[in-house]
Amino acid sequence: MGRAIALAFAQEGASIVGCDVDVESAESTVELVQGAGGEMVSIQPCRLDDPSDCLALVELAVGTYGRIDVLCNVAATAYFNWLEDITDEEWDRARWGEVDLVFYLARATWPHLKASGGVVVNMASLNASLSFKALAALAHATNKAGVIGITRQLAMEGREHGIRANSISPGLIESNATREQLKDQEWADYVLGKTLLGRLGRPEEVANVAPFLASAESSSVTGVDIVVDGGMKAS
């Protein structure tokens, strides 16, 4: 979804600064964006759960383009386990991989967003508001609810500076993060049966919401979570 979002912003003429823990994947994303006529620079490897790496990414953005207009927090590493099985280490690691990195990067970019009257778009999850009996998502649900809470607070704190903040909650999306899980036919059938559209979402369907939230077209939208789930929450 990160790659799809980079391409979606590039199609709108944005200059993009990205990062990844995976060097090859990051370089491929840059090539795809540039091949589509977009402009992008990237740091790889970059760990956003490390505050110093977040500062380095901000320095690259400001040093290259002189300003930051949009912060789009997409990166995350999720861990799944049941309450009685999850360890303290897994719980902490899950928080670092889904909540702490949003906080670190928001804090690092905040002075520049204040200067530009910018926008924050955070990636949450349908699991923040909906539980599934087939998914051991205790940490994931907790952390993504935290992302929605962070987003709402950023909208409040940013209001005096013209900063808007919103989040996106995808449902079941076919991506690198879900591909292995979807090989379990029983699980896939159970979850797909809960969608109104009866199919998986595509990364670009989530990605297309981000430029809207970052644009003047959503100038009165702040502090909310946009669900992109094929009707799963409504079913």
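Given the structure is predicted, the values throughout are model-derived calculations rather than measurements.
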Is the centre of the Tyr79 ring less than 6.0 Å from the centre of the His140 ring?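 No; His140 has its ring centre 6.0 Å or more from that of Tyr79.
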Does any part of the side chain of [Y], heavy atoms only, come nearer than 4.5 Å to the side chain of [X], both counted from C-beta?
{"X": "Asn73", "Y": "Leu101", "answer": "no"}
{"X": "Met156", "Y": "Arg152", "answer": "no"}
{"X": "Lys144", "Y": "Glu98", "answer": "yes"}
{"X": "Leu126", "Y": "Pro170", "answer": "no"}
{"X": "Trp82", "Y": "Leu138", "answer": "no"}
{"X": "Val17", "Y": "Met40", "answer": "no"}
{"X": "Val121", "Y": "Asn166", "answer": "no"}
{"X": "Leu71", "Y": "Val119", "answer": "no"}

Nearest 0.5 Å, what's the [atom1]-[atom2] distance between [X] and [Y]?
{"X": "Leu55", "Y": "Asp50", "atom1": "CG", "atom2": "CG", "value": "9.0 Å"}
{"X": "Lys233", "Y": "Leu196", "atom1": "NZ", "atom2": "CG", "value": "13.0 Å"}
{"X": "Thr151", "Y": "Asp225", "atom1": "OG1", "atom2": "CG", "value": "7.5 Å"}
{"X": "Tyr65", "Y": "Glu39", "atom1": "OH", "atom2": "CD", "value": "3.5 Å"}
{"X": "His112", "Y": "Thr109", "atom1": "NE2", "atom2": "OG1", "value": "8.0 Å"}
{"X": "Ile168", "Y": "Ile226", "atom1": "CD1", "atom2": "CD1", "value": "8.0 Å"}

Would [X] end up clustered with [Y] when hydrophobic side chains under 4.5 Å apart are linked, directly or stepwise?
{"X": "Val70", "Y": "Val30", "result": "yes"}
{"X": "Ile163", "Y": "Val221", "result": "no"}
{"X": "Leu48", "Y": "Leu113", "result": "yes"}
{"X": "Val21", "Y": "Phe103", "result": "no"}
{"X": "Val58", "Y": "Ile150", "result": "yes"}

Under 3.5 Å, is there a donor on one side chain and an acceptor on the other for [X] and [Y]?
{"X": "Ser42", "Y": "Gln44", "value": "yes"}
{"X": "Glu90", "Y": "Asn81", "value": "yes"}
{"X": "Gln185", "Y": "Asp189", "value": "yes"}
{"X": "Ser220", "Y": "Arg164", "value": "no"}
{"X": "Ser116", "Y": "Arg67", "value": "no"}

Counting heavy atoms not belonging to [X], are there more than 12 under 6.0 Å from its [atom1]?
{"X": "Asp88", "atom1": "CG", "value": "no"}
{"X": "Arg93", "atom1": "CZ", "value": "yes"}
{"X": "Arg47", "atom1": "CZ", "value": "no"}

Got a donor-acceptor contact below 3.5 angstrom from the [X] side chain to the [Y] backbone?
{"X": "Ser235", "Y": "Lys194", "answer": "yes"}
{"X": "Ser125", "Y": "Ala128", "answer": "no"}
{"X": "Asp20", "Y": "Val23", "answer": "no"}
{"X": "Ser28", "Y": "Glu24", "answer": "no"}
{"X": "Asn143", "Y": "Ala94", "answer": "yes"}
{"X": "Thr29", "Y": "Ser25", "answer": "yes"}
{"X": "Glu205", "Y": "Arg202", "answer": "yes"}
{"X": "Ser167", "Y": "Ile148", "answer": "no"}

Nearest heavy atoms of [X] and [Y], plus distance in Å:
{"X": "Ala124", "Y": "Ser169", "result": "CB-OG, 3.5 Å"}
{"X": "Phe132", "Y": "Met232", "result": "CZ-SD, 3.3 Å"}
{"X": "Cys54", "Y": "Tyr104", "result": "SG-CB, 3.7 Å"}
{"X": "Ala56", "Y": "Ile43", "result": "O-CD1, 3.7 Å"}
{"X": "Ala8", "Y": "Asn208", "result": "CB-OD1, 4.3 Å"}
{"X": "Ala139", "Y": "Trp91", "result": "CA-CZ3, 3.7 Å"}

With side chain to side chain contact (heavy atoms under 4.5 Å, CB included) as the criterion, how do Thr195 and Leu172 come out once you've worked through the C-alpha distance, each side chain's angles and the decisive distance to 0.1 Å? CA-CA 9 Å; Thr195 68; Leu172 183 61; 5.6 Å; no
